[in-house]
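Worksheet for the structure shown next.
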Amino acid sequence: MRLNSLQLIRYGRFENAEIVFPRPACDSPDVTVVYGPNEAGKSTAFFGFLEVLFGFKAGVHPYAFRFERSDLLVGAELDLPGRGAADFRRNSKRSQSLLDANNRPVAEAVLASALHGLTRDKYEERFSLDERGLRDGGERIAGAQGDLGQLLHAGVSGLTGISNTLSTLSERADKFHKKHGRGTALKSGNDRLKQLGRDLRADRLTADRERNLRQDRDRTTARFEAEKGALVTAQKRQQAATAAQIWYDRTEEIKRLSEALTDYPDGPDVPPAVAERVAGLVEKIASLETRIAEADAEIADQDGVIEENPVDTLAPALKAELERLDQMTIDGAPLMDRATTARADLDRRTTERDDLVAEIDEVLASLSLSEVSVSAVVLDAAELEDIATAVEDCRKAKDAVDAAEAAADAARAQQGEAPSEPRDLTALRDAFEAWRAISDLTALETERDQSLARLTRSAAGLPSNWADLVDAGLPAPETLEDAARDWAASAADVAAAESGFEERTEELAEAKADLLALQAAPEAVDIAMVEETRRRRDLAWNSHRNAMSSESADDFEAAMYEDDDARAHFLTGAEARQRRFEALKREENVKARVQTAEVRLGKLRERHEGLSEVCATLAIALGLEANAPPAALGSRHLALVTAASAAADHSNAQNALSARRAGKKASRDVLNEAARDLDLDPEQDDLAAQVQRVLALEESDRKTWKKWQESRKNIDELEKKSQNQMDEFTETQGRLDRLTSTLPLPDCSVEGVRAALPHLRSLQRLQADHRRLADRVKALRQAISALTEGAQRLSAISGEPVDEATSNPISVIDQARARLSIATHADEKRSNAASRREGADKARRRRTVELEAAQNDLSACFELQGGEELAPRDRIARLVKRDQLRADSMLADQDRQKAVTGVDEDLFPEELDLMPDATRALVLEQELKDSQECRDSARDAQREAERLYREAFAAADRSDLATERATLLETLRRGGRQAAVARLGALAARGALRRLATERRSEMLRDVEEAFITMTVPKWCGVEVWSQAQGEKLVGIEADGTKVPVERMSAGTMGQLYFALRLAGYRSFARDLGPLPMILDDIMVTFDDTRAKAALQLCAEIGANGQAILFTHHAHLVEMARASIPGVAIVDMPT
Amino acid sequence: MRFLISADIHLGSPIRSIALRNTDLGERLKQASRDTFARIVDLAVAESVDALVLAGDVFDNGHPDLRSRTFMIAQLSRASEAGVPTVLIRGNHDALLDHRAYGELGPNIHLLHKDTPTVEIGGVAFHGLSFDAAHVETSFLPDYPRPLPDKRNVGLMHTSLDGSPGHDPYAPCAEPDLMAHGFDLWCLGHIHAPFERVDGPVLAVMPGIPQPRHFGERKGGTVTLVNLGESTPVFERRTVSKLGFSELAVDLQECTDQQDIFRSLRDGFLATQVPHRDIAVRLTATSLRQGADFVSELAEEVLEGVEGVFLDKVTVMPPTRPPGNETDDLVRLMREEIAGDGFRQSARLLLEELRLAMPSEIVEELDDSALDTLLEEAIAGVMLALHAERPE
């Protein structure tokens, strides 16, 4: 696929814009540099290209700011394999968004086929590269540690993070589970599950448990009820005793109070709080008498003040006139404030106004306009600024006209005679370059021979069917390592277990021998033998007792001796029995250990056999004998991988050589045909020299012709520019004339007006100042006149004549203000005194009434009571004391009645009979306390039993634990699956990377090395692959032969290696599936000039295999590209 | 006559879902099976049915948990006091229904077994046999009583019928034999997905599990009301579960930014909402850019604003491509790699190691038979991890 043009019809800030990517000449790489400053829309263009290919992205569109999303439209002309050039358009619809040039829908399959099924994301990853991608790519491939597969994958896919990805996957799996790992999620989960299981089992409510708990609860409940009854009886007894005590005490108190009341007068009870009331009335009467005397004195004082302050009858008229003067204003300010300074100010302003008139006359004279009215010459500020601007525009336009004419004259003087146009030799040049590029076969033949030799070396020692083994798929190296390691560990375990088993067997034999020896020892008589001899002795005794013969006596004696011996032996053989018991115990222990060792050995052997089978399967898969040692698996795997790689190299080299030979013959035929068209003899040996001479001559003529054409074009542009400047000057001059047409200036030219401008500005300012001062003088005169008139009116009111010529109106006004102030003060004093006198009189009358009422209340307090001879306070105190004694007696009776309410009727008389008894309360208190303690104890026991019963039910409800367990199991299920998926993914990816290294290594490595050297010469001179047990590593070779692993390269070198990998990946894709446009966005901004040139050459390499589009905003890179890449197309971003 | 039929209540069995990690949901559902059983009794009382029929597996296990039994009796007594008798049989999980060990159930609660296989309620004869052992591999049908003449006959049976995926054979019974036995209605239990069969005038009802416990039981959640008249019985399902399970597939390939993804997820979740019922969603997202962790985090955030919907599981799969049309070398080569015998042997060893370490209840997740599926997920996982957006 090739991009011929990109049309931004309605897209971003563009409307009907187009970027054309010219087709290269036949001998030139397909490279287009698109130049535009920052923010020129390069990213917009790339985004638009992707949307033509893959359709609009859903959601908010980043470039729908000038046009609505529904109106966006982009297009492109593309060369498609098998279809040629075709125009496409893309709109934002969800379906049928791909259109042809006539806006008819086109099937997406047309583009999808040319894109080989790539998605938008993958296209971006594989066919675009910017400066950041280059820098990050370099940093990330460091993580690959030189792994060949990972590096080639980075080149092919554009994805650089596979090293991190695989590490992350493995770490994720390890976090869930790792052999012998302690802090893993699975270990924690298993521990928690066990704990949950224990908790759930512990709290299960069985039928037996429920029955026991229920019986406990019922028993304690019955006891509690009994104790509660006893406590109630004790409480009733105590209540009855308390009531009896109260009854007895209150009856005695009532007797005592009745005797005391005989000393007090009769009469009804006085009302509550009467003592305070009497005391209050006595104090109130005294207070009221004092206040009436004070009111009489106040009335006499205020009458004196009224006589001392008479009324002024002229004050109202003076006040009205002064208020009128205060309200008068001048220029918005009160007249009185201006009165004192008006006279002096008037003189100063008059002098200033006259000075301004003289200045205006001087300026008019300097303009030679003394006879002209100033109003005819004065302009406003805006008019003056317009004239000044017009004057400056005229001057600039005139200067530009002069400069343009001078440049045109100089260009005409430099142009020479016109040369003749050169002829077109494109066909000859293309044919010659094509033939020369492939004429030398030596390198390919050497590469083929070398690859064959490598293949022969690599396959030596391998079985004849080694290629079939590789095709069938080799086990992963990790699997081989794990299997060999596990097999070796298992073999060691088996050997150790066998040794242990033998030791245990020997130990058992020793134990058995010891036991036999101890059992055979004479001390080893056990209790059974003693019992047997005792039984025989008893039999002998019975026989002897019946027979009482000498024989039976002998038998009995013998039995007695035998029994005595056995008992003696038994008693003395305790230590021997202990040893025998220990030997027996030891034998049992050793037997158990032997069995354990045997079982363990069996399991280990079984596991070892399983591992041996795994190793045998792996060995067969690698072409080894089934019984090959597992340690040999790794080296055979490496040998097979190396041989497979060498075979792939050789096959590729042979194919490349054949293709080159065929191409060489075809290109020679084309060259011969082109030579004949130019009358050259193709049969001559020096055809190449002839062609080179003709091409060199044509190149020289073409440069001369092109230079003359450019010169002619430049002169035309300068003449056109000169004419444009002249037109602009004429238009400016006309505008100035229109602006100055009303001014009576003697000189109206540009310079004349420019010279008059300062004077015109002065006149405008002076005239404005003059108007302002004249208004001021007039206002001051009006103020002085108004004041004089006001003073005359005040004098007339007060009856005092005034001399207009000599008296000051201000002092007249001040005198009037003083008189008015004195009159106002006297009015206030008189009014206040009258008010106070009236208040004092009112208070006196009110207190006289209150005094009479208080005296009446006091008499009422003692109605129907005796004791008239006493003062009121003493009399009421005695009556209150009498009433208190009466109340105490009544209260005692109430207490007595209240105490027996609710008391047990049987117990109360019993307790009353015991009164008085000082110890009765204490005795009952102790009895109650004892009963309460019994009740509390029973209650606690009952509550505890109830609690246990309820808690057993509540604890059985472990749905929270069951839920947690179920949730945890689901979490572990998911975690286990994710861990398995992560491990399998990492395993598969590592295997795939090894396959990638085998599959692509020959062609891509060559491309990588070539590109890397181009960019880094002279420091680096090659790239090489190291084979190791774990795989293959890429290393760089410095000029002095030092080999540097990738991970030890500098960041800059790493970035260049990454670029070389991407270039190799592009070539690989182009070879397999055909080229696609590669977009490079300012990737060289951080390169120095040398490296930038090298990188540009690599862009040319991309262009030689497909199409390279380089966006840049650096002008120097454009020039560098023009110099470095023959035939490069330079286009500007549209505006 | 109107009956409410249920089975497989599995009292005491917890719900299995990672959604319960949500504290609020976990708290609401820790007694889900009990609450659902109470709802069933509520419905029976509200509908004034003539009998509540429970076709086995009222309890989840044989552990003598008296609390569960007490709860069941309390609920059935409530129904009895409201005039709704209960007829039930023991399933393979129902040791707690043993009279001899734990005493009588109470009045109007009829447990049918081989000694008392028939009870008559309102002129309808109910016939049933109970499990006496946890595992019975022969059919109970030959031991069932013959239908009583001049009566409507209803059968209760706990059976795996002809066998069902995911269920071992328990008292298997051929469906045609069952329908031909002569009963008018069969109330069945054991299979957790509900279904009904009609054969002429005979109806067989498998009411399913009333409260699904995990995603595999998502079809459950209902009980069945049956009207038994003169013609073929008429049935109606009613939802009683507190929590349902649902699956949701969302394509995130077209999403340009996080806001787009947020919107797509929210729209999907809102579509799964069910009034007055919680839903645990198993989300499958299609994307080449977003990893499962990222999608899970975003989904959790979205669900904070969606009432009654919770996350059961999240799976992210890259878009599938037609076979043979793979431009990605890594995918192509991984497929070649996993096809090799050597690799498969390594993979089986790897799974075995994990199985040995995992709890026995869940080791079937990594069974060798799942290897192909796991390998496909593994390839997708690598591609997702490789292409996933990295934080800036």
Side-chain angles (χ1 to χ4, degrees), chain A residues 57-60 116-118 121-122 153 156-157 159 161-162 165 168-169 177 179 186 190 193 204-207 210 472-476 479 614 617-618 621 953 956-957 959-960 962-963 965-967 969-974 976-977 979-985 987-989 991-992 995-996, chain B residues 12 14-18 20-21 26 29-31 63-67 70 101-102 254-257 260 288-289 313 321 325 327-330 333-334 336-343 345-347 349-351 353-354 357-359 361-362 365-366 374-375 377-379 381-382 385-387 390:
Chain A
K57 282 201 163 189
V60 179
H116 308 291
L118 286 170
D121 290 340
K122 288 191 176 175
H153 176 259
V156 169
S157 68
L159 296 170
I162 193 159
T165 299
T168 305
L169 287 173
H177 169 65
K179 242 180 184 176
L186 182 56
N190 277 331
L193 278 177
R204 195 168 290 145
L205 182 60
T206 64
E210 190 270 343
L474 298 177
T479 306
V614 170
T617 308
L618 294 172
F953 267 82
D957 174 24
S959 50
D960 52 340
T963 301
R965 186 173 185 280
T967 308
L969 277 171
E970 286 310 294
T971 305
L972 293 179
R973 182 197 299 275
R974 189 174 73 164
R977 190 174 187 92
V981 164
R983 286 220 173 114
L984 290 172
L987 191 64
R995 285 174 181 268
L996 182 72
Chain B
I15 286 176
R16 280 169 31 198
S17 170
I18 295 175
L20 296 195
R21 281 190 165 173
L29 294 177
K30 68 181 185 182
Q31 296 199 109
H63 297 310
D65 176 5
L66 282 185
R67 184 182 164 85
T70 306
Y102 303 107
E254 291 292 310
C255 294
T256 51
D257 54 27
D260 264 357
L288 191 62
R289 288 267 173 208
K313 184 179 175 183
R321 303 189 55 76
N325 190 14
T327 53
D328 194 312
D329 278 335
L330 193 64
L333 292 169
M334 276 198 285
E336 288 178 20
E337 180 72 8
I338 65 173
D341 290 338
F343 181 88
Q345 188 166 9
S346 304
L349 286 172
L350 190 151
L351 291 184
E353 184 199 326
L354 270 171
M358 283 170 65
E361 295 95 322
I362 57 172
E365 185 79 12
L366 301 183
L374 289 169
L375 288 173
E377 286 180 24
I379 291 175
V382 171
L386 200 51
H387 287 269
R390 293 173 178 82

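Chain identifiers are assigned alphabetically (A, B, ...) following the order of the sequence lines, protein sequences preceding nucleic acid strands; residue numbering begins at 1 within each chain. From a predicted model like this one, the values you see are computed outputs, not experimental measurements.
Residue B/Leu374 touches chain A through both its backbone and its side chain, counting heavy-atom pairs closer than 4.5 Å. At a 4.5 Å heavy-atom cutoff, the contact between A/Leu186 and chain B is made by side-chain atoms alone. At a 4.5 Å heavy-atom cutoff, the contact between A/Leu169 and chain B is made by side-chain atoms alone. Interface remark: A/Arg974 contributes side-chain atoms only to the contact with chain B (heavy atom separation under 4.5 Å). Heavy-atom distances place both the backbone and the side chain of A/Asp960 under 4.5 Å from chain B. In this structure, chain A has a heavy atom under 4.5 Å from the side chain of B/Leu350, while its backbone stays farther away. For B/Ile15, the part sitting under 4.5 Å from any heavy atom of chain A is the backbone (N, CA, C, O) and nothing else. For A/Leu193, the part lying under 4.5 angstrom from a heavy atom of chain B is the side chain only. A/Ala621 does not touch chain B: none of its heavy atoms, backbone or side chain, sits under 4.5 Å away.
Scored by the salt bridge (charged side-chain N to carboxylate O under 4.0 Å, His left out) test, A/Arg995 finds B/Glu336, B/Glu337 as partners (sequence neighbours excluded). B/Asp341 is linked by a side chain to side chain contact (heavy atoms under 4.5 Å, CB included) to nothing, counting only residues two or more places apart in sequence or in another chain.
A salt bridge does not link A/Glu970 with B/Arg21: none of the charged nitrogens is closer than 4.0 Å to a carboxylate oxygen.
Annotation: the span from B/Leu351 atom CG to B/Met358 atom CE amounts to 10.0 Å, rounded to 0.5 Å.
The most heavy-atom pairs under 4.5 Å with chain A, out of B/Ala339, B/Gly340, B/Pro359, come from B/Pro359. Listed options A/Leu618, A/Leu972, A/Leu969 were ranked by heavy-atom pairs under 4.5 angstrom with chain B; first place goes to A/Leu969. Per-residue heavy-atom pair counts under 4.5 Å with chain A were compared for B/Gly26, B/Ser17, B/Ala357, B/Cys255, and the maximum is reached by B/Ala357. Annotation: maximal heavy-atom pairing with chain A below 4.5 Å, among B/Asp260, B/Leu330, B/Ile379, occurs at B/Leu330. In terms of heavy-atom pairs under 4.5 Å with chain B, the best-connected choice from A/Leu984, A/Val614, A/Thr479, A/Thr168 is A/Leu984. Chain B forms the most heavy-atom pairs under 4.5 Å with one residue out of A/Ala988, A/Ala982, A/Ala980, A/Pro475, and that residue is A/Ala988.
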*CA sep, side-chain torsions, deciding dist, call: A/Leu474, B/Phe343, side-chain contact (heavy atoms from CB on, under 4.5 Å)*: CA-CA 8 Å; A/Leu474 298 177; B/Phe343 181 88; over 6 Å; no

*Output, in order, the C-alpha distance, side-chain angles, deciding distance and verdict of side-chain contact (heavy atoms from CB on, under 4.5 Å) for B/Gln345 and A/Thr617.*
CA-CA 9 Å; B/Gln345 188 166 9; A/Thr617 308; 3.4 Å; yes

*asked:* Please evaluate residues A/Arg973 and B/Glu361 with respect to the criterion salt bridge (Lys or Arg N to Asp or Glu O under 4.0 Å), reporting the C-alpha separation (whole Å), side-chain torsions for both, the decisive distance (0.1 Å), and the verdict.
replied: CA-CA 9 Å; A/Arg973 182 197 299 275; B/Glu361 295 95 322; over 6 Å; no

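Side-chain contact between A/Thr963 and B/Leu29 is absent, with no heavy-atom pair separated by less than 4.5 Å.
At least one donor-acceptor pair under 3.5 Å links the side chain of A/Thr971 to the backbone N or O of A/Thr967.
Across every non-hydrogen atom of A/Ala966 and B/Arg16, the tightest pair is CB-CG, 3.7 Å.
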